[in-house]
Participant: 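Attaching a single structure in structure tokens format; questions to follow.
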Amino acid sequence: MSVTRRFGSVVANDSIDFRAQRGTVHAIVGGNGAGKSTLMRILQGMDRPDEGVVLVDGFPTVFFGPADAFDRGIGMVHQEFMLVPGLSLLENLVLAHEPMLGLDRIDRTRALDAAHALEAQAGVTLDWDLAVEDAPVHVRQILEILRLLYRGADVLILDEPTAVLAPAQVRELIVLLRKLRDEGRTILFISHKLDEVLAVADDITVLRGGKVVGSLPAAQADKAKLAEMMIGEILARPQARPGAVGRPVLNLVSVTASDSRGRAGLSGFDLTVHAGEIVGIAGVAGNGQDELVAAVTGLSRTDCGSIRLGDVDVTRLSLRERRALGLAFLSPDRAGEGLCLQATIAENTISGHHRRDEFSAGGTLKRGVIARHVEALLDRYAVKRGSSTLPAASLSGGNQQRVAVARELYGNPNILVACQPTRGVDIRGIAFIHQCLLDYRDRGGAVLLVSEELDELVTLSDRIIVIYDGRVTGEVRRGSAEIDEIGRMMLGQAAA
Amino acid sequence: MSAVVAPPSTSGWATAVLPFVLALVAAGIVLAVAGHNPFDVYRLLAVESFGGTKRIAATLSAATPLILTGLATAVAFRAGAFNVGVEGCVYIGGLAAAYVGFTFVDLPAPVLIPLALAAGFVAGSLWMLVPGVLKARLDVDEVVTTLMLNFIAISFTAYLVNGPLLAPGSANSATPMVVDAARLPRLMPPSTLNIGFLIAMALLALYWLWSNRTALGFETRIAGMNARFASASGINVPSLVIKMMLLSGAIGGLAGAIHALGSVGRFVAGFSPGYGFTGIAVALLGRGTPVGIFLAAILFGALATSGATIQLFSDVPIEIVNILQGMVMIFAVARFGWIFARRRTAA
């Protein structure tokens, strides 16, 4: 297949070209934003390519939706399981394709026969009467896979299937996938966990920035080589910078936090950010970055440990209270959290600052002052706009992010938590935003920079903290030769 | 400068008027099928609602509670809360105001009227406390809680006026009449139009000021559009939702108080002909703007007053007017999908 998919100016898949052989496990690896999800959405018919075609058994194929893809033998197990709570495992297995007894009853005997046949085929045993919500997570996943088999899927797409599994269950899953492969099925295995990829895959395709970096047989791959392909060559070679750092403005002491699934996201995490430095957080997505941001901003509660902003213990404070203490937060989710796209550009620029004395008195907004402030600020950040009264959605992605940066840096915060500050931003916008962050740092500001763009981290950071599995695995100073070791540290290996 | 805090330009008058036009067309077809000339009926409706000072006064009088219930609903919508419990607040507020009106009989009007109105205001507000807190703190769906509270309010007030608060010697389920000092002064006797209308208009003006000029109005608007963004910018969304639910209930209670003191003179079982529910249609049809709410309330008020008299002067049955009213509501509520889409992104 060879497909291209653009979203506005962002090319999510740029001439993706790869071939999965029947009867193999083909792994697709890449960081967040590499284009894996878009590719899978195309294979599921939830999205159409702008250019290029998908060939199934040599025939050009357009999928009209997941059901259509299914009819052509392609089924997918999503990260979030698609099971109906309240129904038993057996009922979920046969859902929508129930063997019927008469017109209104499920033929339980036949359903159970089919279930046992699948069990034997897959070499597993399940308690079919268990309600889905009582089944452990790995059982639910096996059920999802068996359901694809029940409905006759020939090509199985598994999206990050090990994200929810314990190590022993991962090994079971790998055994199951190999068995299915040996029966002639094709499996697309999407992951960024290289150990598992190497353990299960026959062939590996690496995506980065929407492009195929390379395809190679697993036998010729090793972790270091894959990591290099995933991360890319680090081009930036910044000069070391005199460590003119000031007082600590953010201090985390042995912070432990759970992720949304209740598993450990951060374990005993220590971090200090000083005034006048940019501290970058490097790591493969899903290794604790989200939990770190949630802990520092107060968007979710931590389990233990303490967080201080300056001299104040903010562990139990909300984001609102932390903002009052000089925290600024540039959200990674620009459309959902960083901006309110239906609100006007002006409203987006002032929101959060509108209660300052300069902008309101006695609860009444000083509209003239606000309007002048908004125009001046947007001009300073060179936001290309028709009028500030248009919805923020009318701006291009790069200009939207400029609005968010302008708002967050206004009022001289003590520390800025910047997450994926240039995601989906054009090249000029990236350079501009980088300069904003550097200027802010030079004025004595502190930045905690979380990014999946390693080049960005290297370019901007005075120190890079590398995290893996919720722990710090290394720290690299600006200009140090250890920069080449970051890739290894991101995979949980100590620097050589 | 209107740069900040002005609602983004909506698609203009065309879409605002569209539900009404569609309803007229659809009801016209119904009329024609039933053997009436739709144009004659519509002209009669217009004359009955707006032909002359008395008719206009009657229409404004009928619109008064709808302005208030529409406003009550709109205030909650702004914060992203779909409050369908204004009807219950009308009952609770109406009973509270009537109670004050027939209990503190010795107070002079300048004291008694504000006191009775305040009673309705506070009672309606408290009625929305529980659903507000449940939504803000535990994410309990306010549509369910407020809808159910309506039935409790209607039955609870019916119980009170059948038992503890039943007028002595009265057989029907009603409280004693409020004293004359508690009756709202009429603007154009003998029309029932009273100062309640002026209060409603004043509240509409305040609503405009609040939503366009105040920090709280701004925060409410932002939180209603995108709660995650609002929280991330440091707005206390749960507290805002509670405040707006309380305000919504308070305005609903005031609508009941004005209805009790202005029109009915007491509280009776079956007190409100669905003012709270019509208020939802008014808020939707009026797109939550002060002018829109006013016009939508006038429209429904006109349909209510002309419907009562039209069957006296023509062979058009009142059911036709009810059908017309229902159709405007359906077309107004066709905007539901938009509101709910917004709620989903906010969640």
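Naming: A, B, ... by sequence-line order, numbering from 1 per chain. Please read all numbers here as calculations on a predicted model, not as lab measurements. Every heavy atom of this structure was used, including side-chain atoms; hydrogens, water molecules and symmetry mates were not.
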Participant: Is any side-chain heavy atom of A/R355 closer than 4.5 Å to one of B/L216?
Facilitator: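 Result yes, sub-4.5 Å side-chain heavy-atom pair found.
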
Participant: Tell me which of these, A/G338, A/S360, A/S331, has more heavy-atom pairs under 4.5 Å with chain B than the rest.
Facilitator: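 Of A/G338, A/S360, A/S331, A/G338 has the most heavy-atom pairs under 4.5 Å with chain B.
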
Participant: Counting only non-hydrogen atoms closer than 4.5 Å, does A/R322 touch chain B with its backbone (N, CA, C, O), its side chain (CB onward), both, or neither?
Facilitator: neither

Participant: Once rounded to the nearest 0.5 Å, what's the spacing between atom CZ of B/R221 and atom OG1 of A/T344?
Facilitator: 7.0 Å

Participant: Measuring heavy-atom distances to chain B, does A/A404 have an atom under 4.5 Å in its side chain, in its backbone, in both, or in neither?
Facilitator: neither

Participant: Does anything in residues 235-252 of chain B get under 4.5 Å of chain A by heavy atoms, and if so which residues?
Facilitator: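 If one takes a 4.5 Å heavy-atom cut-off, the residues of residues 235-252 of chain B near chain A are B/I235, B/N236.
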
Participant: Compare every heavy atom of A/C340 with every heavy atom of B/M225, then report the nearest pair and how far apart it is.
Facilitator: CB-SG, 3.7 Å

Participant: Within the distance-only criterion (no hydrogens, no angle test), does the side chain of B/N226 pair as donor or acceptor with the backbone N or O of A/E337 below 3.5 angstrom?
Facilitator: no

Participant: Listed by chain and number, what are the side chain to side chain donor-acceptor pair (under 3.5 Å) partners of B/T145, not counting sequence neighbours?
Facilitator: none

Participant: Which residues pass the side chain to side chain donor-acceptor pair (under 3.5 Å) test with A/Q289, not counting sequence neighbours?
Facilitator: none

Participant: Just give me the residue among A/D333, A/L339, A/I345 that pairs up with chain B most often, heavy atom to heavy atom, under 4.5 Å.
Facilitator: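 The answer is A/L339.
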
Participant: With a 4.5 Å heavy-atom cut-off, do A/S351 and B/F229 have their side chains touching?
Facilitator: yes

Participant: For A/H354 and B/A215, which heavy atoms make the closest approach, and how far apart are they?
Facilitator: CD2-CB, 4.0 Å

Participant: For A/H373, which residues count as a ring pair (Phe, Tyr, Trp, His ring centres under 6.0 Å) partner, sequence neighbours excluded?
Facilitator: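 Ring pair (Phe, Tyr, Trp, His ring centres under 6.0 Å) list for A/H373, sorted by chain: A/F359, A/Y410.
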
